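Data block below; observations after.
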4 protein chains.
Amino acid sequence: MSPKPRPRADDDALVGRRRRQLTLAAIACFSARGYHSTTIRDVAERAEVSVGLVYQYVEDKEDLLFMALQEVLDAYRRRIPAALEGLSDPLERFHACVRSYCEVNDEASDATVLAYRETKSLRPDRREIIKRLELETNAMIDACIRDCIAAGVFTAVDIEMFTHQLVMFCHGWALKAWRLRERMTVADYVARGLRLMLEPVLAPPAPTASERPRRRSSAR
Amino acid sequence: MSPKPRPRADDDALVGRRRRQLTLAAIACFSARGYHSTTIRDVAERAEVSVGLVYQYVEDKEDLLFMALQEVLDAYRRRIPAALEGLSDPLERFHACVRSYCEVNDEASDATVLAYRETKSLRPDRREIIKRLELETNAMIDACIRDCIAAGVFTAVDIEMFTHQLVMFCHGWALKAWRLRERMTVADYVARGLRLMLEPVLAPPAPTASERPRRRSSAR
Amino acid sequence: MSPKPRPRADDDALVGRRRRQLTLAAIACFSARGYHSTTIRDVAERAEVSVGLVYQYVEDKEDLLFMALQEVLDAYRRRIPAALEGLSDPLERFHACVRSYCEVNDEASDATVLAYRETKSLRPDRREIIKRLELETNAMIDACIRDCIAAGVFTAVDIEMFTHQLVMFCHGWALKAWRLRERMTVADYVARGLRLMLEPVLAPPAPTASERPRRRSSAR
Amino acid sequence: MSPKPRPRADDDALVGRRRRQLTLAAIACFSARGYHSTTIRDVAERAEVSVGLVYQYVEDKEDLLFMALQEVLDAYRRRIPAALEGLSDPLERFHACVRSYCEVNDEASDATVLAYRETKSLRPDRREIIKRLELETNAMIDACIRDCIAAGVFTAVDIEMFTHQLVMFCHGWALKAWRLRERMTVADYVARGLRLMLEPVLAPPAPTASERPRRRSSAR
DNA sequence: CATGAATGAGGATTCATTCAT
DNA sequence: CATGAATGAATCCTCATTCAT
């Protein structure tokens with residue numbers, strides 16, 4: 001009845017195990033060499049299985065990419081809530097949210113880059129699913145912001161924009177890792193980034209009195 | 001004697017014209033279908049020349065990618081200074097800088113995405129060149145910020161971080177075009193983004209009660 | 001880790017069988033049409049396999065040529081000793097040696113010509129190997145000559161030169177087959193050639209008496 | 001009327017000059033890199049003309065090969081008679097003939113090898129012409145031999161075979177140049193070779209006992 | 001006459017995918 | 001279930017040949 005009686009492999013736990021095994025191998029390969037430059041054989045070897053085996057658990061190569069991207073995006077969704085666990089202060093939660101997002105991007109920066117590089121290589125329908133997953137991650141940041149505003153910690157900022165800014169900031173660590181890694185640690189990155197985004201950039205009108213000395217945003 | 005005096009074409013002007021023609025065709029094709037999925041024939045057809053012709057002006061396919069990326073990055077470097085032309089007020093120049101960078105990314109968002117997607121497909125030495133070009137663009141933003149600080153318009157912010165933040169913001173328009181385009185225009189994007197980045201996010205120490213002052217934005 | 005563990009085939013016997021199959025097909029094709037004019041598809045078709053299969057057992061086209069030439073040269077090394085088997089009389093062995101060398105060149109004259117035509121098409125290192133194989137064949141002739149000299153059947157001839165002469169003679173049958181085949185059989189060729197090389201060419205000083213009539217070496 | 005009004009180039013002396021120029025360039029290129037590996041561009045560059053020019057004096061690439069081979073073979077036919085000029089003693093003429101043939105093969109060993117390698121690359125009809133040219137060269141040796149026999153200097157040898165043997169010997173210098181050049185000079189080669197071919201190889205019937213006379217060199 | 005830019009057919013090679021064992 | 005040998009479509013690139021200037 002199933003339209004594609006993929007040769008073998010029934011619903012056992014085996015299917016899940018194999019697919020996971022292949023997904024991880026795929027992420028590793030795709031991250032390192034890129035999707036197109038990676039051959040099925042590469043993935044099979046990394047997963048320590050035969051080529052034929054791959055096709056018993058995977059539709060085709062694109063399927064492997066889909067699984068890889070899903071896994072990557074999903075990792076975000078699992079990590080962030082975990083980091084917020086137990087925290088109740090809105091600002092603390094906000095910080096934790098950003099920090100953990102950056103940390104995930106630090107640990108798997110190749111994977112984040114992969115998502116940027118290869119999402120377009122997916123069929124439209126699958127691409128949509130991946131995008132939806134990203135939005136779900138965004139929603140978590142969004143929520144933290146709303147909480148801060150509600151608590152009066154944040155002014156009534158442009159939430160949509162702020163979320164976007166934060167996402168770009170977090171991804172930025174992975175996307176510009178080639179440049180940033182040699183200049184700071186993720187911790188620094190988060191600290192300096194948040195300070196910049198939260199503290200005023202514009203100098204006070206400074207019409208009357210004139211004090212501007214106070215404040216050291218200490219670059220570096 | 002030189003084994004490959006490839007550019008089998010002496011005429012100077014022609015070489016320039018052809019390479020440009022091919023570069024544009026390459027940008028179009030690569031942006032649309034991605035580098036690997038684009039065939040030389042695709043590019044040739046788009047440029048309305050024969051396959052063979054391509055190889056008279058281009059070393060190989062990767063060369064075409066290199067030319068495309070150079071062209072894209074170069075467009076930024078040309079556009080921004082042009083936008084600053086005639087402006088002297090530091091803040092105005094800053095705004096113009098960000099605005100024009102976003103506009104370029106708007107007009108050629110595919111190209112920006114292309115740069116993100118395919119820089120890794122280049123040979124290391126060429127990849128370096130591309131990265132250098134990006135840094136040069138960053139330097140223009142960097143300069144605008146410094147001017148604002150010097151003029152007392154900006155507080156003594158973390159310049160490096162702020163530049164990074166702005167770059168991510170500008171690229172963000174292209175990278176998230178799929179989501180943003182349907183929600184706002186570039187002009188809105190710039191306006192809302194700048195407001196967010198320049199105006200204070202943190203609420204004032206709370207007029208009424210007072211305790212939650214001294215916020216430590218320290219992450220970690 | 002090894003970038004190209006090409007011979008994508010583990011099974012030992014199969015690898016051997018396939019390589020032999022391809023080698024024979026290659027010899028046939030290259031002999032008939034020449035190396036450059038033969039396409040991989042030609043070889044694949046002759047071997048009744050697919051193009052892709054070829055590359056599972058062969059590095060590249062040149063590899064196929066190398067295998068072909070090795071096989072050809074090796075056939076000499078196998079055939080000559082076999083022909084000497086059981087013979088002990090030096091002169092008889094000498095005859096047998098030349099005869100069998102010519103016979104191999106007769107049966108596979110295309111292959112011999114192939115060796116002459118295409119050895120230069122090999123990479124230097126492989127070319128060396130082929131040359132070494134030829135020298136090994138020469139050594140067998142060399143040995144026969146030495147035995148004849150030691151046995152007093154031959155005068156103390158210039159061994160090096162004689163070997164060379166004999167090799168050229170044997171190859172000559174293949175190289176000039178287009179002309180010789182229609183005028184004689186290999187057997188004739190060997191008989192007439194050896195007579196010429198062994199019997200005196202120069203007429204006796206003929207000072208005293210004068211007889212020169214006797215003898216008809218019967219050309220034709 | 002002419003079936004192929006080759007674009008331009010009328011019968012002037014120019015045609016002759018150009019064709020010669022191209023022929024020499026072709027010989028140089030083909031000898032060095034082989035026929036198939038040489039591009040028309042290579043030949044054009046060596047001849048210091050444009051690619052287009054080539055096609056005004058030459059039908060196609062094969063035509064170039066034909067011209068080259070003709071020229072090579074023709075050089076033999078010109079050199080040998082020149083070497084015999086003024087000599088009247090049959091044996092001296094014979095020696096001069098062989099010597100000059102070897103010398104030509106020494107000076108242009110690449111060209112000789114070329115003839116062996118690429119004659120098969122010609123269309124059948126042209127191949128015939130080349131073969132005829134070779135036979136004409138052979139005829140000159142043949143004549144020398146006949147003269148020697150007639151003069152009683154040679155025994156009534158197998159002329160056809162002897163000619164063949166001599167031809168192979170002379171070509172042998174070029175064909176085995178890779179091995180011989182490092183061991184002797186052409187002069188040595190000729191001297192040692194002729195001694196071997198002219199002086200008896202078989203030992204005299206053995207002074208003491210007598211039985212091994214009547215050796216039958218009959219092969220087979 | 002000469003040039004060299006343009007063409008496009010052809011060939012080597014790769015790799016996703018299948019299927020017999 | 002797992003394997004890996006076999007397939008062949010697809011793609012990059014070369015180069016003989018043409019033709020407008």
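Keep in mind the model is a prediction, meaning the values are calculated, not measured. The analysis underlying the following values was restricted to heavy atoms, covering all of them including side chains, and did not include hydrogens, waters or symmetry mates. Within every chain, numbering begins at 1; the chains are lettered A, B, ... in the order of the sequence lines, protein sequences first and strands thereafter.
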On DNA chain F, more 5' by nearest nucleotide between B/Ile40 and D/Gly52 is B/Ile40
Specify the separation, in whole Å, of atom CD of C/Gln56 and atom P of F/dG8.
13 Å
Whole angstroms only, please: what is the NZ-P distance between B/Lys61 and F/dC13?
8 Å
Where the side chain of C/Arg19 meets the backbone of C/Tyr57, is there a donor-acceptor pair that is under 3.5 Å apart?
yes
Presence of D/Tyr55 side-chain N/O under 4.0 Å of F/dT17 phosphate oxygens OP1/OP2:
yes
At under 4.0 Å between heavy atoms, what does D/Ser37 touch on the DNA or RNA strands: base, sugar-phosphate, or nothing?
nothing
Donor-acceptor under 3.5 Å (B/Lys131 side chain, B/Arg126 main chain):
no
So D/Leu53, base contact, sugar-phosphate only, or nothing? Heavy-atom distance under 4.0 Å.
base
Does B/Arg33 have more than 12 heavy atoms from other residues, nucleotides or ligands lying within 6.0 Å of its CZ?
yes
Protein-nucleotide distance (D/Arg18, atom CZ; E/dA2, atom C1'), rounded to Å:
8 Å
Ring-face cation contact, C/Tyr55 with C/Lys61, 6.0 Å cut, 45° max
no
Assuming nearest nucleotide by heavy-atom distance, tell me which of D/Val49 and B/Arg17 is located more 5' along DNA chain E.
D/Val49
Whole angstroms only, please: what is the CG-P distance between C/Leu22 and F/dT7?
11 Å
Closest to the C/Val51 side chain, choosing from F/dG4, F/dG8, F/dT7:
F/dG8
Could you check how far OH of A/Tyr57 sits from C1' of F/dA2, rounded to whole Å?
8 Å
Provide the Watson-Crick or G-U wobble partner of F/dT17, both distances under 3.5 Å; none if there is no partner.
E/dA6
Would you check if the side chain of B/Arg46 reaches a backbone N or O of B/Ala25 as a donor-acceptor pair within less than 3.5 Å?
no
Quickly work out the D/Glu48 CD to E/dT3 P distance and round it to whole Å.
11 Å
Whole-Å gap separating P (F/dA20) and CG (B/Leu14):
17 Å
Which whole-number value in Å describes the distance from C/Tyr35 OH to E/dG11 C1'?
12 Å
